[in-house]
Structure formats: C-alpha cells, structure tokens
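Only one structure is covered here, and it is reproduced in the block below.
Every chain is numbered from 1 and lettered A, B, ... according to where its sequence line falls, protein lines coming before strand lines.
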Amino acid sequence: KAGVTQTPRYLIKTRGQQVTLSCSPISGHRSVSWYQQTPGQGLQFLFEYFSETQRNKGNFPGRFSGRQFSNSRSEMNVSTLELGDSALYLCASSLASGATEAFFGQGTRLTVV
Amino acid sequence: KNEVEQSPQNLTAQEGEFITINCSYSVGISALHWLQQHPGGGIVSLFMLSSGKKKHGRLIATINIQEKHSSLHITASHPRDSAVYICAVWNYGGSQGNLIFGKGTKLSVKP
C-alpha cells in the first residue's frame with residue numbers, strides 16, 4: 001500500500017512569487033492536513049480538508065490556502081512568498097477528520113530567497 | 001507561555017534505561033497525539049489518546065485529563081529510539097479545531 005506522497009520534495013522560490021505544493025493521500029483516506037515546520041516555531045498546523053471541505057484551521061494568514069479534489073488529492077498554495085515562509089511543509093492523511101491517526105508524507109522543503 | 005509544554009527539551013540516556021517524556025497543556029482538548037520524528041524529517045504517529053493509557057511494544061502513553069498532562073514512556077531504550085518526540089493536542093473552539101504542537105523532546109540513546 002503506497003504511503004503519502006508529496007511533490008515536489010525540494011523547491012526554491014523568490015520572494016513575492018507564489019507556490020503550489022501537492023499531496024496524494026493513502027488510498028481510501030479522505031482527510032488531508034497540512035503543517036509547516038521551522039527551526040524557530042517547530043511544527044504548526046495549517047489546515048485540514050475532508051471530502052473537499054476545509055474542516056479545521058490553524059492560525060495562518062490568508063496567503064496560505066488549500067483545496068482538495070474529488071480523488072482526495074490536496075494542494076496547498078502560498079501567495080506573495082516571504083523569506084519567513086522557508087520551511088518544511090508536511091502533509092498527512094487520515095481515514096476521518098480531526099482527532100484520528102495520521103500518516104505523514106516526507107515533506108516539501110521550500111526555500112524562499 | 002506556550003499552550004503545550006514538553007519536558008525535558010533534550011534527553012540523553014544509556015541503552016536499556018527507562019525513559020519518560022512529559023507533556024502539559026493549558027487548553028481544553030479532545031485528543032492528544034504523540035509523534036516521533038527521525039533525522040531526515042520523517043514523522044510517525046505513535047499514539048492518539050483521549051483518556052487512560054495505551055501500550056505498543058516498548059512504548060506506553062498515559063494521559064490525565066484532569067491534570068492536563070500526558071507522559072510517554074520508553075522501556076528498555078535502544079539507540080534506534082533516538083529521535084525527536086512531539087506532543088500535539090486537538091483544541092476545538094467553535095466549529096473548527098486546531099492542532100497545537102509542543103516544541104519536541106530530542107532523545108539520544110547511547111549504546
């Protein structure tokens with residue numbers, strides 16, 4: 001059974017640009033959640049999508065957005081990139097929404113220059 | 001003050017020792033997760049619990065809802081247990097929830 005797949009694994013962008021990251025969940029999982037990890041702030045929850053609807057949300061500005069498709073694949077978009085957006089972005093998939101066991105992908109390392 | 005506090009921040013142990021990592025939180029929660037992150041970034045979910053105690057192999061997790069405290073125990077520690085252990089809690093305010101993470105405990109087990 002394939003795990004959670006995130007693409008791309010590494011990305012370099014320039015300040016002011018936008019970026020889209022992709023996450024394919026484990027087959028049968030309908031929930032995808034996104035996280036940001038930085039050395040200073042640690043892990044932070046961005047948002048969770050279940051059945052194409054945002055169900056839960058962390059405390060990030062509107063520049064961070066996401067969506068989920070009918071096949072449960074999810075994308076996360078960051079607009080107007082700032083240097084501080086440089087981070088490891090992780091996604092996780094689950095069978096159900098909210099407090100349930102999550103399976104993490106390997107992450108996308110984003111560097112903003 | 002962080003809503004989720006872990007202690008200790010760093011822990012070095014000898015192989016075979018019994019290890020305890022603590023997590024205290026200040027918000028109302030519906031569930032608590034313990035995660036393990038190895039060098040290289042891969043994260044594995046170890047436990048999700050909302051009450052009592054769970055055991056998986058050499059790992060035991062407990063939670064005391066009244067005291068807002070959880071512990072992760074590792075019995076007979078091994079160098080392969082070396083990793084960062086992270087506590088996270090689900091907090092629901094209104095219709096949407098937020099998953100709040102602790103800063104992690106870096107464990108190093110020496111052979």
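Here the shortest heavy-atom pairing between B/M48 and A/E101 reads SD-N, 4.1 Å. Scanning all heavy atoms of the two residues, the minimum distance from A/A102 to B/S45 falls at O-CB, 3.3 Å. Taking all atoms of both residues into account, the shortest heavy-atom contact from A/F45 to B/W90 is CZ-CH2, 4.1 Å. Pairing each heavy atom of B/Y92 with each of A/N56, the nearest pair is CE2-OD1, 3.4 Å.
A donor-acceptor contact shorter than 3.5 Å links the side chain of B/K103 to the backbone of A/Q41.
Counting heavy-atom pairs closer than 4.5 Å to chain B, the top residue among A/G98, A/G107, A/G105 is A/G98.
A continuous path of ILVMFWY side-chain contacts below 4.5 Å connects B/L72 to B/L49, so both sit in one hydrophobic cluster. There is no path of hydrophobic side-chain contacts, each under 4.5 Å, that joins B/V89 to B/I86. Note: the hydrophobic cluster containing B/I63 also contains B/V27 (ILVMFWY, side chain heavy atoms under 4.5 Å, direct or indirect links). Cluster membership for A/F60 and A/L110, using ILVMFWY side-chain heavy atoms within less than 4.5 angstrom, is shared.
Surrounding NZ of B/K106 are at most 12 heavy atoms belonging to other residues, nucleotides or ligands under 6.0 Å away. By the 6.0 Å contact criterion, CD1 on B/I65 is enclosed, its count of non-hydrogen atoms from other residues, nucleotides or ligands being greater than 12. Crowding of A/R15 atom CZ: a count of heavy atoms from other residues, nucleotides or ligands under 6.0 Å not exceeding 12.
The part of B/L35 that comes within reach of chain A is its side chain, from C-beta onward, which places non-hydrogen atoms under 4.5 angstrom from that chain. Interface remark: B/I29 contributes no atoms to any contact with chain A (heavy atom separation under 4.5 Å).
The distance from the CD atom of A/Q106 to the CD1 atom of B/I43 is 9.5 Å, given to the nearest 0.5 Å.
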Would you please test B/L99 and A/Y35 for side-chain contact (heavy atoms from CB on, under 4.5 Å) and show each step? CA-CA 10 Å; B/L99 186 59; A/Y35 307 86; 3.7 Å; yes

